[in-house]
Amino acid sequence: MPFADAAVLLAPLAPWFDSLRRPMPWRAADLDAPHPDPYAVLVSEIMLQQTQVATVIPYFRRWMERFPGPAALAAATEDEIHGLWAGLGYYRRARNLQAAAAAIAADGFPRTLEGLLALPGLGPYTAAAVAAQAFQLPTPALDGNAFRVAARVLALEEDPRRHAGALREWLAPALAAHGPSRLTQAVMELGATVCVPAPRCASCPLQGACAARARGIQHRIPPAQPRTKVTEAEIHLAAIASGGAWLLRPPGAKGLLAGLWSWPWTGAAADTQGAAEPASAYGIEAREPAGWTQVYSHRREAVRPIVARVEPGAAPPGLEWVPEARLASLPMGRRDQRLREAVDAPGEPLTVAGLEALQAILQGVKASSPAAPAPGRS
DNA sequence: AACACGTGGCA
DNA sequence: TTGCCAAGTGT
């Protein structure tokens with residue numbers, strides 16, 4: 001493809017980045033040397049997958065304090081790593097990062113693109129980003145920012161992801177010319193702060209070189225991506241206490257919120273209304289705090305929380321009674337953290353639907369099927 | 001090749 | 001409020 005010389009086109013990015021880069025705890029002071037701590041680069045890059053810098057910073061600091069190197073991370077428990085990742089999302093990243101740390105502790109840090117690509121959780125982008133920032137290898141790292149910047153500078157009107165190979169070939173000489181770590185970060189920084197979806201061209205160091213801007217088409221490059229469908233669900237999420245313990249579901253191995261503890265829950269029936277009979281007739285004291293909508297990447301959940309106290313009994317299959325003192329230390333996603341913080345909050349009296357949900361959970365009705373409605377009353 | 005996979009910021 | 005998107009990867 002007859003692209004203009006990237007080393008020339010992107011030259012203004014180097015001084016721009018040297019003077020305007022944002023401070024980040026994983027950034028090396030010397031942009032021209034190999035990074036003093038490749039593990040820190042790796043941790044930051046995994047955390048930054050689909051996650052903004054400002055969100056990552058406090059998680060990165062806590063993680064590095066607790067797991068300063070690959071050996072410490074490799075020795076941690078699943079609950080520990082998920083606890084430090086809790087709230088950051090995409091929890092598989094934490095497990096992959098630990099597996100990568102174990103491989104690094106055993107075999108040393110890979111210093112080639114191929115070696116990095118073989119680590120779990122590192123795809124084409126992350127392997128290249130680590131190679132460039134940790135080891136100064138001229139490997140083009142194409143993330144959403146880099147694709148957007150490249151597509152605009154070159155006025156590429158198609159989806160730039162379809163031209164990843166050509167764009168990598170185009171970018172590589174510029175990395176070698178201006179420093180792999182510097183230019184890698186500069187392109188992404190530009191995409192994150194200036195060449196954003198609604199671009200701020202007036203403050204762009206590449207405004208004179210940008211083909212999209214010259215043609216006035218920067219706002220529609222790159223074309224919007226089709227989104228995958230989001231399913232809707234409504235659930236009852238129950239904090240059930242008995243004696244000094246809470247009824248919880250231990251972490252699953254796969255699926256949504258894998259690796260995290262959760263409160264038991266059950267699909268809400270849409271057709272049950274009206275006042276409940278006194279729940280005390282069933283040995284239950286309960287209330288329903290205000291609900292909320294929980295949004296995931298591909299699912300929207302209307303959450304109807306219940307807080308209840310019941311008579312002692314065996315835990316239903318798949319659930320565990322967990323001593324109250326341990327509750328605060330269990331890794332939970334945002335939804336379950338939110339109910340954990342609300343277990344002492346006031347609520348409305350239990351509804352019929354809420355009572356049925358409690359009974360379904362306590363009777364061991366399979367609670368993990370999103371579509372499963374609560375059973376009818378007997 | 002689609003789809004699963006979390007959460008938060010921003011217009 | 002709703003929708004888009006973020007330093008993507010695994011299956």
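Below, chain A is the first sequence line, B the second, and so on; all start at residue 1.
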- Item | d(NE2, A:His298; C1', C:dC5) in whole Å | 17 Å
- Query: With a non-hydrogen cut-off below 4.0 angstrom, is A:Arg21 in contact with a base, only sugar-phosphate, or nothing?
  - Reply: nothing
- Query: What class does the angle between the rings of A:His82 and A:Tyr91 fall in, given that below 30° is parallel, 30 to 60° is tilted and above 60° is perpendicular?
  - Reply: tilted
- Axial cation check for A:Trp292 ring with A:Arg338, 6.0 Å and 45° limits: yes
- Note on the structure: Residues in residues 112-141 of chain A with a heavy atom under 4.0 Å of DNA chain C, by number, are A:Pro120, A:Gly121, A:Leu122, A:Gly123, A:Pro124, A:Tyr125, A:Thr126
- Query: In this structure, are over 12 heavy atoms from other groups packed under 6.0 Å from A:Glu232 atom CD?
  - Reply: yes
- Task: Answer yes or no: is there an ion pair linking A:Arg95 with A:Glu78, defined by an N-O contact shorter than 4.0 Å?
- Result: no
- Message: Can you check the distance between C:dT2 and B:dC5, where both ends of the measurement are the P atom (answer in whole Å)?
- Response: 24 Å
- A:Glu348 vs A:Arg287, salt bridge (Lys or Arg N to Asp or Glu O under 4.0 Å): CA-CA, chis, key distance, verdict: CA-CA 5 Å; A:Glu348 299 297 313; A:Arg287 62 183 184 281; over 6 Å; no
- Would you mind checking if A:Glu324 and A:Arg326 are paired as a salt bridge, meaning a charged N to carboxylate O distance below 4.0 Å? no
- Message: Against A:Val130, only a single residue in A:Leu113, A:Leu137, A:Leu116, A:Thr184 fulfils side-chain contact (heavy atoms from CB on, under 4.5 Å); can you say which?
- Response: A:Leu116
- Message: Can you check the distance between B:dG6 and C:dT1, where both ends of the measurement are the P atom (answer in whole Å)?
- Response: 24 Å
- Message: Can you check the distance between B:dA4 and C:dA7, where both ends of the measurement are the P atom (answer in whole Å)?
- Response: 24 Å
- Query: Would you say A:Arg62 has more than 12 foreign heavy atoms packed within less than 6.0 Å of its CZ?
  - Reply: yes
- Message: Under 4.0 Å, counting only non-hydrogen atoms across every strand here, what does A:Gly255 touch: a base, just sugar-phosphate, or nothing?
- Response: sugar-phosphate
- Separation of atom CD1 in A:Ile221 from atom P in C:dC4, rounded to whole Å: 19 Å
- hydrophobic_cluster_shared for A:Leu256 and A:Trp85, side chain cutoff 4.5 Å: yes
- Message: For the C1' atoms, the ones on C:dA6 and on B:dA1, what distance do you get once it is rounded to whole angstrom?
- Response: 23 Å
- Item | Neighbours of DNA chain B within residues 37-55 of chain A, by heavy-atom distance under 4.0 Å | A:Gln50, A:Thr51, A:Gln52
- Check whether any side-chain N or O of A:Arg93 sits under 3.5 Å from a backbone N or O of A:Met47 as a donor-acceptor pair, and report yes or no. yes
Just list the side-chain donor-acceptor pairs under 3.5 Å for residues 66-74 of chain A, sequence neighbours left out, or say none.
{"residue": "A:Arg66", "atom": "NE", "partner": "A:Glu80", "partner atom": "OE2", "Å": "2.8"}
{"residue": "A:Arg66", "atom": "NH2", "partner": "A:Glu80", "partner atom": "OE1", "Å": "3.4"}
{"residue": "A:Arg66", "atom": "NH2", "partner": "A:Glu80", "partner atom": "OE2", "Å": "2.4"}

- Please report, rounded to the nearest Å, how far the P atom of C:dA7 is from the CH2 atom of A:Trp26. 11 Å
- Task: Identify whether any heavy atom of A:Leu88 sits under 4.0 Å from a base atom; if not, whether one sits that close to sugar-phosphate; answer base, sugar-phosphate or nothing.
- Result: base
- Of all of residues 90-107 of chain A, which get a heavy atom below 4.0 angstrom from DNA chain B, listed by number? A:Tyr90, A:Tyr91, A:Arg92
- Query: Rounding to a whole Å, what distance do you find between A:Arg27:CZ and C:dA7:C1'?
  - Reply: 10 Å
- Query: Side-chain heavy atoms under 4.5 angstrom apart, residues restricted to Ile, Leu, Val, Met, Phe, Trp, Tyr: same cluster for A:Phe135 and A:Leu31?
  - Reply: no
- Message: Would you say A:Arg148 places a side-chain N or O within less than 4.0 Å of OP1 or OP2 belonging to C:dA6?
- Response: yes
- Query: Nearest-Å distance, CG (A:Leu142) to C1' (C:dG8)?
  - Reply: 12 Å
- Message: With a strict under 4.0 Å distance from non-hydrogen atoms of chain A, what nucleotide opens and what nucleotide closes the contacted stretch of DNA chain B, reading 5' to 3'?
- Response: B:dA4 to B:dG9
- Message: What I want to check is whether the side chains of A:Arg21 and A:Gln185 have a donor and an acceptor closer together than 3.5 Å.
- Response: no
- Task: Considering only NZ, NE, NH1 and NH2 on the basic side and carboxylate oxygens on the acidic side, decide whether A:Glu234 and A:Arg300 come within less than 4.0 Å.
- Result: no
- Query: So, do A:Phe60 and A:Trp26 have ring centers that fall under 6.0 Å from each other?
  - Reply: yes
- Item | Residue closer to the 5' end of DNA chain B, A:Lys229 versus A:Gly87 (nearest nucleotide) | A:Lys229
- Task: Would you jot down, in residue-number order, the residues of residues 288-296 of chain A having a non-hydrogen atom under 4.0 Å from DNA chain B?
- Result: A:Gln294, A:Val295, A:Tyr296
- Got a sec: does the CZ of A:Arg61 have more than 12 other heavy atoms crowding it under 6.0 Å? no
- Identify whether the distance between the nearest side-chain nitrogen and carboxylate oxygen of A:Glu157 and A:Arg215 falls below 4.0 Å. yes
